[in-house]
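All of these numbers come straight from a predicted model, not from anything done at the bench. Every chain is numbered from 1 and lettered A, B, ... according to where its sequence line falls, protein lines coming before strand lines.
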Amino acid sequence: MILRWSEQLIPTLREVPAEAEIPSHQLLLRAGLIRKLGAGLYTFLPMGLRALRKVERIVREEMDRAGALEILMPALQPPEIWRQSGRYTAAAEVLFKVADRAGREWVLGPTHEEVVTALVAGEINSYRQLPRNFYQIQVKFRDEIRPRFGLMRAKEFIMKDAYSFDATDEAASESYRKMYDAYTRIFRRCGLRTLAVEADTGVMGGKFSHEFMVPAETGENEVAYTEAGDYAANLEKAVSRGPMTPTPAVSTGPAPESFATPGVLTIEDLAAAPYNVAAHRQIKTLVFMVESKPVLALVRGDDVLNEAKFAAACGSALFRPATPEECRAALGALPGSLGAVSVKGLPIYADLQLRSARGMVTGANEDGFHLRHVDVDRDLAVTGWHDLRTVKAGEAHVESGAPLFIRRAIEVGHVFKLGTKYSEAMNARFLDADGKQKPCVMGCYGIGVTRTLQAAIEQWGDEFGIRWPVSVAPVEVEVMAINAQHADSVARANEIAEALSAAQVEVLVDDRDERAGVKFKDADLVGAPIRVSVGERSLSKGQVEVKLRRTGATELVELGSAVERIRALLAEEWNAVTVS
RNA sequence: CGGGGCGUGGCUCAGCCUGGUAGAGCGUCAGCUUUGGGAGCUGAAUGUCGCGAGUUCAAAUCUCGCCGCCCCGACCA
């Protein structure tokens, strides 16, 4: 197959568009792959769509190979099923809602658990029909608070979502494992290095999950991991043996004692002179409005509350920090002087590091005062003890004791073991061999297809453009006649392109009457793995130049053996992304 | 939603502070020259200065409101 540049729409940009901040977003625009319609809304241009289709094809092949069945569900959904699952309110913030002409409300699907479970509830009745795994590649709509970074976080994006249904928990684990393996293969075939990390289940619910992360400085997630690779977790979920400095455990007085701390509003203020209370000797008291009611969260002064862990502890994701007025209403003081000593009637969730801590300092619930000699077990009525702190780099892995590293990453896939949350809510039951009705045990599995594409660019871009892994490159080879007015060059270039095309190679011919520099720059931007340039100079010696975009290596090849050599190089490129 | 920034030919931006003629580079079109890493010359087209009010003899410029976009936080593939 031959594409001719002159007949395409490949609007490359010489300058970096002002709207793009991160390299992959800049390259998507500069290489003429996408154009923006509005915030988080993008048109895929021909080259961008070609690359996207390549990712989709890999995903399809691996899902099919893993035994999943492709279907296609509606993006427009009735709100009833969302009420039925309970997510009409739980996920309300991301739901796009539209009205039809009669004023009836509809939902634009942000995901499809409800639809697929409703389907299964109607169609699967017997254990003999299990297991089944359904997937689709489809548009999702999410009313993101802040769309960002091009395709990375869009209001409308393409996702591969799969849903497994099993008769037993063990069988569900096997389905989960199959998807996990398929994901590993998919990302490798897309040329991506990924890290599978333990993850928080969030609003999805369920038992446990793994995220597939592409390490990148521009990623929106942070991952904690050991060098040996025996542990990797999203920072939201990560645990360690605890902070580097132990929590004080020696009582300093028989009862809490108030002391004046005028102007002190932060942990740092209190840690500084004249008070000199080290941060790890302080109790940080945070107030959240959980489903409109105040709840206290306590962590050590030098720790950072992990909101995902807090959500798990209090059993709700619907919370926000309390306003100063709400803090005053709940505790009688403004942030900066808050504490949990003697507080009654409010839920208090405390981090495990504070358990049995003694000789601590915390706010007195009186503006400008703090309490010292606080012994947690004696002075605080803690509702629940949980791991609430965010792990820090350098802390010890729970099992091996090895130091944890932290780095940023892009989440490209997420697999969940859901259990029966949706099947029970939506009544997806089957008749088991023992004659009893049981809910299907579910799993769900997502890949951000458009995000994966951008992650590949983020990982493989350089200052000149995109160095596509051949498996997702819009075309495999670009051929150009350096001087479009030199008839012999043009003829030879076309011959090579025809021969490659005959050998099932996807070729882009830059047939524009542009100067060499322009075509070279554009070739680097668009990033075909192999570039063939035919020019008078080398042609006079019977040669053409072949360049590998990935390594930058160039070689001169005899005209007669050029096609053979290109195919050999191409085979090597494919080998680099092949999974056996 | 809170905080910050920006909106001027297709793109990148200047002009705004201190009101009066709307500009540059790139791109586009025509012609000539040039042809191995974003060429040169000549000529040309392209603007409701985001929208709406207000102040003023006069508004891209000052004021107010709205809209859009980008960045930082919460959400997620």
Side-chain angles (χ1 to χ4, degrees), chain A residues 11-22 25 29-30 35-41 59 90-95 110-111 137-162 183 199-204 209 211-214 219-221 234 236 288 307-308 311 317-321 323 410-416 444-455 464-465 480-486 489 513-525 531 533-540 544-545 547 554 556:
Chain A
T12 55
L13 263 26
R14 182 187 299 229
E15 290 177 279
V16 177
E19 71 187 65
E21 193 77 4
I22 66 171
H25 186 194
L29 292 164
R30 289 229 293 141
R35 282 297 181 264
K36 182 176 71 177
L37 178 63
L41 302 172
V59 168
E93 290 182 347
V94 299
L95 278 187
T111 172
I137 295 175
Q138 215 238 23
V139 172
K140 299 285 189 260
F141 298 90
R142 292 191 187 170
D143 191 2
E144 293 288 345
I145 303 164
R146 182 151 85 91
R148 222 194 307 220
F149 300 151
L151 305 177
M152 281 297 181
R153 177 179 299 283
K155 283 187 161 117
E156 179 183 332
F157 62 98
I158 294 174
M159 176 167 159
K160 185 288 301 175
D161 44 325
Y183 275 36
D200 184 62
T201 52
V203 77
M204 203 62 89
S209 74
E211 289 166 337
F212 287 78
M213 297 284 200
V214 177
E220 296 189 77
N221 295 268
N234 191 310
E236 292 179 343
F288 288 90
E307 294 197 7
L318 297 175
F319 63 84
R320 59 169 174 79
T323 63
I410 299 162
E411 180 191 353
V412 289
H414 200 161
V415 294
F416 296 82
C444 73
Y445 318 91
I447 290 179
V449 177
T450 38
R451 185 184 280 180
T452 297
L453 183 69
Q454 185 166 348
F464 304 110
M480 71 171 78
I482 288 169
N483 179 353
Q485 291 180 5
H486 183 247
S489 297
D513 185 11
E514 289 285 354
R515 294 177 63 85
V518 172
K519 290 190 275 197
F520 286 147
K521 289 289 185 190
D522 277 346
D524 287 345
L525 262 180
R531 184 189 83 191
S533 22
V534 184
E536 288 178 71
R537 210 154 72 196
S538 45
L539 211 50
S540 68
V544 296
E545 185 201 86
K547 181 175 181 181
T554 65
L556 289 169

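Residue A/Gln138 qualifies as enclosed at atom CD: its count of foreign heavy atoms under 6.0 Å is above 12.
With sequence neighbours excluded, no residue satisfies side-chain hydrogen bond (donor to acceptor under 3.5 Å, both in side chains) with A/Arg14. In this view, A/Asp524 satisfies the side-chain hydrogen bond (donor to acceptor under 3.5 Å, both in side chains) rule with no residue, not counting sequence neighbours. A/Glu545 pairs by the salt bridge (charged side-chain N to carboxylate O under 4.0 Å, His left out) definition with A/Arg531, not counting sequence neighbours. By the side-chain contact (heavy atoms from CB on, under 4.5 Å) test, A/Glu220 pairs with A/Arg148, A/Phe149, A/Arg153, sequence neighbours left out. With sequence neighbours excluded, the residues satisfying side-chain contact (heavy atoms from CB on, under 4.5 Å) with A/Ala311 are A/Phe319. Shown here are the side-chain contact (heavy atoms from CB on, under 4.5 Å) partners of A/Pro17, two or more places apart in sequence or in another chain: A/Leu13, A/Glu19, A/Leu29, A/Arg30. Under the side-chain hydrogen bond (donor to acceptor under 3.5 Å, both in side chains) criterion, A/Ser538 pairs with no residue at all, not counting sequence neighbours. In this structure A/Arg451 satisfies the side-chain hydrogen bond (donor to acceptor under 3.5 Å, both in side chains) test with no other residue, sequence neighbours excluded. Taking A/Glu15 as the reference, nothing meets the salt bridge (charged side-chain N to carboxylate O under 4.0 Å, His left out) condition, with sequence neighbours excluded.
Base pairing of B/U35: no nucleotide in any strand meets the Watson-Crick or G-U wobble criterion (both distances under 3.5 Å). When both distances must be under 3.5 Å, the Watson-Crick or G-U wobble mate of B/G43 is B/C29. The base-pairing partner of B/C13, taking Watson-Crick or G-U wobble contacts with both distances under 3.5 Å, is B/G23. Under the Watson-Crick and G-U wobble criteria, each requiring two contacts below 3.5 Å, nucleotide B/G2 is paired to B/C72. Across all strands shown, nothing is found opposite B/U48 as a Watson-Crick or G-U wobble partner with both distances under 3.5 Å. Nucleotide B/C62 forms a Watson-Crick or G-U wobble pair with B/G54, both donor-acceptor distances falling under 3.5 Å.
Remark: the A/Asp522 side chain and the A/Thr12 side chain contain an N/O donor-acceptor pair separated by less than 3.5 Å.
Taking atom C1' on both nucleotides, B/C66 is separated from B/A45 by 34 Å, rounded to a whole Å. Atom name C1', nucleotides B/G9 and B/U55: the rounded distance is 30 Å, in whole Å. B/A44 and B/U8 are spaced 26 Å apart, taking the P atom of each and rounding to whole Å. The P atoms of B/A58 and B/G20 are separated by 14 Å, rounded to the nearest whole Å. Here the separation of B/C51 from B/C29, taken at their C1' atoms, is 32 Å to the nearest Å. B/U63 and B/G7 have their P atoms separated by 14 Å, given to the nearest Å. Remark: the separation of the C1' atoms in B/G47 and B/G15 is 14 Å, to the nearest Å. Rounded to whole Å, the separation between the P atoms of B/U12 and B/A74 comes to 29 Å.
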Please list, pair by pair, any protein nitrogen or oxygen found under 3.5 Å from a nitrogen or oxygen in nucleotides 4-10 of chain B.
none

Please produce a list of atom pairs where a protein N or O lies less than 3.5 Å from an N or O of nucleotides 68-70 of chain B.
| residue | atom | partner | partner atom | Å |
| --- | --- | --- | --- | --- |
| B/C69 | OP1 | A/Ala39 | N | 2.8 |
| B/C69 | O3' | A/Lys36 | NZ | 3.0 |

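Backbone-only engagement by A/Val412 is indicated by non-hydrogen atom pairs under 4.0 Å involving sugar-phosphate atoms exclusively. Note on A/Thr452: nothing from the nucleic acid sits closer than 4.0 angstrom, heavy atoms only. Residue A/Gly535 is in base contact, counting any heavy-atom pair closer than 4.0 Å across all strands shown. Note on A/Arg531: a base of the nucleic acid sits closer than 4.0 angstrom, heavy atoms only. Contacts of A/Pro110 with the nucleic acid, taken as non-hydrogen atoms under 4.0 Å apart, are absent. Residue contacts for A/Gly517: at a heavy-atom cut-off of 4.0 Å it reaches the sugar-phosphate backbone alone, with no base atom in range. Within 4.0 Å of A/Glu545, counting heavy atoms only, lies at least one base atom of the nucleic acid. Note on A/Asp524: a base of the nucleic acid sits closer than 4.0 angstrom, heavy atoms only.
Taking only side-chain atoms of A/Ser533, from C-beta outward, the nucleotide of B/G36, B/C76, B/C75 with the closest atom is B/G36. Checked against B/C76, B/A74, B/G36, the side chain of A/Arg537 finds its nearest nucleotide in B/G36.
Distance A/Phe464 CZ to B/G37 P: 14 Å, rounded to the nearest Å.
Across the interface with RNA chain B, nearest-nucleotide mapping of A/Leu525 and A/Val449 shows A/Leu525 to be the residue nearer the 5′ end. Between A/Thr12 and A/Glu307, the residue whose closest nucleotide on RNA chain B is further toward the 5' end is A/Thr12.
Stacking of the aromatic ring of A/Phe157 onto the base of B/A77 is found: the ring centres lie under 5.5 Å apart and the planes are inclined by under 30°.
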Heavy-atom protein contacts under 4.0 Å, nucleotides 22-35 of chain B, coded B base, S sugar-phosphate only, - none: ---BSS------BB

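Atom NZ in A/Lys547 sits 8.0 Å away from atom CZ in A/Phe520 (nearest 0.5 Å).
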